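One structure is given here, and the rest of the page talks about it.
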Amino acid sequence: MKFFVDTADVDAIRELNDLGFVDGVTTNPSLIAKSGRDILEVTKEICDMVEGPVSAEVVATEYEDMIAEGRKLAEIAPNIAVKVPLTLDGLRACKTLTGEGKMVNVTLCFSANQALLAAKAGATFISPFIGRLDDINLDGLELIADIRQIYDNYGYETQILAASIRGANHMSDCAKIGADVATAPPAVIKAMANHVLTDKGLAAFLADAEKAGIKIV
Ligand code: G3P
């Protein structure tokens with residue numbers, strides 16, 4: 001499973017990129033607003049740093065305006081994936097932009113029917129928001145499993161990009177189900193390394209090393 005980082009914080013992306021955990025980046029208008037930076041400028045900086053796809057989202061809601069914004073975003077770098085919302089205008093924009101050879105990430109997906117339409121529109125990525133479904137007592141992971149089954153039934157090449165990830169367990173759960181990609185905040189990716197028995201075991205090893213006077217360099 002590929003790991004994308006869900007942030008527009010360049011320092012956080014750099015830290016994880018140095019660890020080799022960044023296969024791509026996703027942003028959205030809320031994350032750009034949080035960064036306090038100009039969208040074109042910060043997106044360019046991220047694209048220069050990361051080799052994989054960098055999702056940048058349109059803010060228009062009408063087809064023609066989405067196309068204009070999508071083309072402008074795609075000019076930033078070859079690794080831009082234009083992010084469009086899962087609306088009829090967004091799906092039409094997806095079809096046009098993918099027809100021009102651009103990567104498109106269809107976002108704000110909350111149902112299997114929506115994911116089926118995105119695949120038919122030729123989306124490169126579909127972004128089901130699992131955490132927001134869990135927030136309203138629905139089952140985000142069940143949605144990932146349903147989309148996996150539908151896409152596999154027909155050989156759709158659209159990649160399932162699990163989004164709105166809230167905790168480290170979501171990452172392994174998505175991997176078990178077969179999501180192609182999971183995008184998570186930097187803190188969640190780092191938290192995947194944590195285990196209380198690792199901490200306890202390391203403390204014991206270090207205490208024994210100290211007692212025995214073990215020195216390596
Ligand atoms: O990038 C979209 C998605 O990951 C948003 O997550 O936590 O705002 O629901 P969240």
Side-chain angles (χ1 to χ4, degrees), residues 1-13 16-17 21-37 39 42-43 45-47 49-50 52-61 66 69-70 73-74 76 79-87 90-91 93-94 97 103-112 114-115 118 123-144 147-148 158-175 177 179-192:
M1 186 174 75
K2 285 177 249 173
F3 283 21
F4 287 2
V5 192
D6 199 28
T7 186
D9 177 339
V10 288
D11 293 329
I13 296 167
L16 286 171
N17 205 25
F21 294 154
V22 180
D23 299 309
V25 174
T26 51
T27 66
N28 60 39
S30 305
L31 294 170
I32 296 289
K34 196 171 162 196
S35 79
R37 310 247 333 249
I39 181 168
V42 71
T43 306
E45 202 175 323
I46 296 168
C47 287
M49 193 192 322
V50 170
V54 175
S55 290
E57 188 163 342
V58 302
V59 289
T61 53
M66 281 188 197
E69 289 185 359
L73 290 170
I76 296 173
N79 55 336
I80 282 286
V82 178
K83 213 171 173 188
V84 298
L86 210 151
T87 59
L91 292 168
C94 171
L97 293 168
M103 288 189 284
V104 177
N105 176 355
V106 178
T107 189
L108 289 167
C109 170
F110 295 97
S111 76
Q114 290 180 318
T124 317
F125 301 104
I126 181 66
S127 291
F129 277 27
I130 64 176
R132 292 191 194 185
L133 283 169
D134 291 353
D135 288 346
I136 58 163
N137 293 324
L138 294 173
D139 190 339
L141 292 169
E142 190 176 273
L143 175 59
I144 301 290
I147 300 172
R148 180 74 284 154
T158 299
Q159 294 179 53
I160 302 172
L161 196 174
S164 186
I165 298 250
R166 295 288 159 74
N169 286 347
H170 263 161
M171 294 295 278
S172 45
D173 286 338
C174 285
I177 293 167
D180 299 288
V181 190
T183 189
V188 169
I189 295 176
K190 288 205 270 183
M192 291 171 72

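Given the structure is predicted, the values throughout are model-derived calculations rather than measurements. Indexing begins at 1, ligand by ligand and atom by atom, following the structure's order.
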Determine whether a donor-acceptor pair (N or O, by modelled atom type, separation under 3.5 Å) exists between the side chain of Glu69 and the backbone of Val59.
yes

For Arg37, is there an ion pair with Asp9 - N to carboxylate O distance below 4.0 angstrom?
no

Answer yes or no: is there a donor N or O on one side and an acceptor on the other, between the side chain of Thr158 and the main chain of Ala123, under 3.5 Å?
yes

Which residues share a side-chain contact (heavy atoms from CB on, under 4.5 Å) with Pro186, sequence neighbours left out
Val5, Thr7, Ala12, Leu16

Output block, N or O contacts of ligand 1, threshold 3.5 Å exclusive:
unit_1   : atom_1 : unit_2 : atom_2 : d
ligand 1 : 1 (O)  : Asp6   : OD1    : 2.8
ligand 1 : 1 (O)  : Asp6   : OD2    : 3.3
ligand 1 : 1 (O)  : Asn28  : ND2    : 3.1
ligand 1 : 1 (O)  : Lys83  : NZ     : 3.4
ligand 1 : 4 (O)  : Asp6   : OD2    : 2.5
ligand 1 : 4 (O)  : Ser164 : N      : 2.9
ligand 1 : 7 (O)  : Arg166 : NE     : 3.3
ligand 1 : 7 (O)  : Arg166 : NH2    : 3.2
ligand 1 : 8 (O)  : Arg132 : NH2    : 2.8
ligand 1 : 9 (O)  : Arg132 : NE     : 2.6
ligand 1 : 9 (O)  : Arg132 : NH2    : 3.4
ligand 1 : 9 (O)  : Ser164 : OG     : 2.7
ligand 1 : 9 (O)  : Arg166 : NH2    : 2.7

Angle between ring planes, Phe3 versus Phe21, binned at 30° and 60°: parallel, tilted or perpendicular?
tilted

Sub-3.5 Å donor-acceptor pair from the side chain of Asn79 to the main-chain atoms of Val50, do we have one?
yes

